[in-house]
Every structure is written in C-alpha cells, then in structure tokens.
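Remember, predicted model here, so these are calculated numbers, not experimental data.
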Amino acid sequence: KDIKEKIVQDFKREFKKSLKTILESAPDVIYVYTPASLAVEVPSLFPKKAAMRIKKIIRGNFYGRHPFEILEKIRIPKNK
C-alpha cells in the first residue's frame, strides 16, 4: 500500500475507536467536520443509529482553526 492509503486506514481504525467513547453520551445531533476527500467515507464509519443523527457534514481543512471559527459553520442565524 502506498503511504496515503495506510494513513487513511489508520485514521479509520482510530476514528472508530474514538466514536465508541464519543457516542456513549448519545448526542441528539451530530455535525461532522471532515476533509472533502473523506466526506463520503467518514459518515459511513458511524454506527447506523448514530449516522441517522448526522445533521450536517462540513467539508474542509480545519487544522489550526479557532474553535469559534469552526462553530460558526453550524451557527443558526437568529430571526430579527
């Protein structure tokens, strides 16, 4: 395998492990932040019940971004 494939496989394995812990709290709504190249694969890693709670998939590279900048991507505009 080339290095990129290995990295993606390692990511998937670790992501699934992390999901078990994260999903213990059973969130009502899930927002997925992922690189565009993984936008189809990442949601498919969620268990079916959790996948049904994915409200939005935000594509991009968020490395090094401030958490508020990331949260702005899902902000619901207030009606005036």
Side-chain angles (χ1 to χ4, degrees):
K1 291 184 182 183
D2 79 338
I3 188 95
K4 186 174 180 180
E5 284 181 44
K6 173 136 178 46
I7 291 170
V8 171
Q9 290 302 320
D10 290 347
F11 165 76
K12 287 179 185 180
R13 184 178 59 253
E14 293 301 318
F15 185 76
K16 283 183 178 182
K17 285 182 193 175
S18 297
L19 270 181
K20 288 180 183 177
T21 304
I22 293 166
L23 296 175
E24 284 177 359
S25 65
D28 295 329
V29 178
I30 299 171
Y31 293 91
V32 177
Y33 290 82
T34 181
S37 61
L38 295 174
V40 174
E41 288 183 77
V42 168
S44 70
L45 299 173
F46 282 77
K48 287 183 183 182
K49 193 173 181 181
M52 291 171 37
R53 292 185 294 224
I54 295 174
K55 183 169 183 174
K56 188 173 184 181
I57 299 171
I58 301 98
R59 294 163 177 83
N61 181 352
F62 303 101
Y63 180 79
R65 301 282 178 92
H66 190 279
F68 291 156
E69 184 180 348
I70 294 169
L71 288 173
E72 280 291 320
K73 304 262 184 218
I74 61 172
R75 185 171 59 105
I76 299 170
K78 293 180 182 177
N79 293 333
K80 292 184 177 183

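- For the side chain to side chain contact (heavy atoms under 4.5 Å, CB included) with Lys55, the qualifying choice from Ile30, Val29, Val32 is Val29, the only one to do so.
- Criterion: ILVMFWY side-chain heavy atoms under 4.5 Å apart, direct or through other members. Under it, Ile54 and Val42 are part of a common hydrophobic cluster.
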Report the C-alpha distance between Tyr31 and Lys73 in whole Å, list the side-chain angles of each, state the deciding distance to 0.1 Å, and finish with yes or no for side-chain contact (heavy atoms from CB on, under 4.5 Å).
CA-CA 10 Å; Tyr31 293 91; Lys73 304 262 184 218; over 6 Å; no
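- In this structure, CD1 on Ile57 lies 8.0 Å from OG1 on Thr34, to the nearest 0.5 angstrom.
- Distance check: Glu24 CD to Thr21 OG1 gives 5.5 Å after rounding to the nearest 0.5 Å.
- Residue Arg59 comes nearest to Ala39 through the heavy atom pair NE-CB, 3.3 Å, listed as atom of the first residue, atom of the second, then distance.
- Taking both residues in full, the closest heavy atoms of Pro43 and Leu38 are given as CD-O, 4.2 Å, listed atom of the first, atom of the second, then distance.
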Ignoring hydrogens and angles, write down the donor-acceptor pairs under 3.5 Å from the side chains of residues 60-71, residues two or more places apart or on other chains.
| from | atom 1 | to | atom 2 | distance (Å) |
| --- | --- | --- | --- | --- |
| Asn61 | OD1 | Tyr63 | N | 3.1 |
| Arg65 | NH1 | Glu69 | OE2 | 3.2 |
| His66 | ND1 | Phe68 | N | 3.0 |

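- If you take CZ on Phe15 and CG on Leu45, they are separated by 6.0 Å, rounding to the nearest 0.5 Å.
- The side-chain heavy atoms of Lys12 and Gln9, taken from C-beta on, include a pair separated by under 4.5 Å.
- By the side chain to side chain contact (heavy atoms under 4.5 Å, CB included) test, Lys17 is found to be paired with Arg13, Glu14, residues two or more places apart in sequence or in another chain being considered.
- For Asp28, there are no salt bridge (charged side-chain N to carboxylate O under 4.0 Å, His left out) partners, not counting sequence neighbours.
- Phe46 and Phe11 fall within the same hydrophobic cluster, where Ile, Leu, Val, Met, Phe, Trp and Tyr residues are linked whenever their side-chain heavy atoms come under 4.5 Å apart, directly or through other members.
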